[in-house]
Every structure is written in C-alpha cells, then in structure tokens.
Amino acid sequence: MNEKPLQHIAEAVLALYPIKVSSLNFFAHETSVLYKVDNENGEAFALKIYDDQSSQVQDNRNEVK
C-alpha cells in the first residue's frame, strides 16, 4: 500500500469529523498506513488506513505497541 495516493482519502475522511485539523502528516507504513493528525488545540491523533486483506489481529496489536 502506497501512502501518497491515500493522502486525499485521509483529508476527505477527516472533513467528516467535527474537528479542525491543523496538520496531517504521514507517520508510518507498517501493515497499514498511519497519519498523525493534530487539531487546533494541539491534541494529536492517529488515522489508520488499512486493507482488509492485510489486517490481522496480530498486526493490529503490533501497531499499538
């Protein structure tokens, strides 16, 4: 999975949430593509985009660590 084409998906999804995003940055590409999202209050969140076929329970546990 390539993170570059997914940037527009991340932006579109975030537009559906009631937060004001101050920055969206690629964070990691493991079994999923992760973005770091900061809101206007300085709070940080993770946005995960994954492929159902490549997402396993153990993969999810590894990403949380």
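Values in this document were obtained by computation on a predicted structure and should not be read as measured data.
For Leu6 against Tyr35, the heavy-atom pair with the smallest separation is C-OH, 3.5 Å.
The side-chain hydrogen bond (donor to acceptor under 3.5 Å, both in side chains) test applied to Glu40 returns no partner, not counting sequence neighbours.
Listed by first and then second residue, the side chain to side chain donor-acceptor pair (under 3.5 Å) pairs that reach into residues 15-25 are Ser23-Asp38, sequence neighbours excluded.
Side-chain contact check for Gln7 versus Leu24: some heavy-atom pair is nearer than 4.5 Å.
Atom-to-atom distance recorded for Leu47:CG and Leu14:CG is 5.5 Å, nearest 0.5 angstrom.
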Next item on the list: Output, in order, the C-alpha distance, side-chain angles, deciding distance and verdict of side-chain contact (heavy atoms from CB on, under 4.5 Å) for Val21 and Asn39.
Entry: CA-CA 4 Å; Val21 176; Asn39 71 8; over 6 Å; no
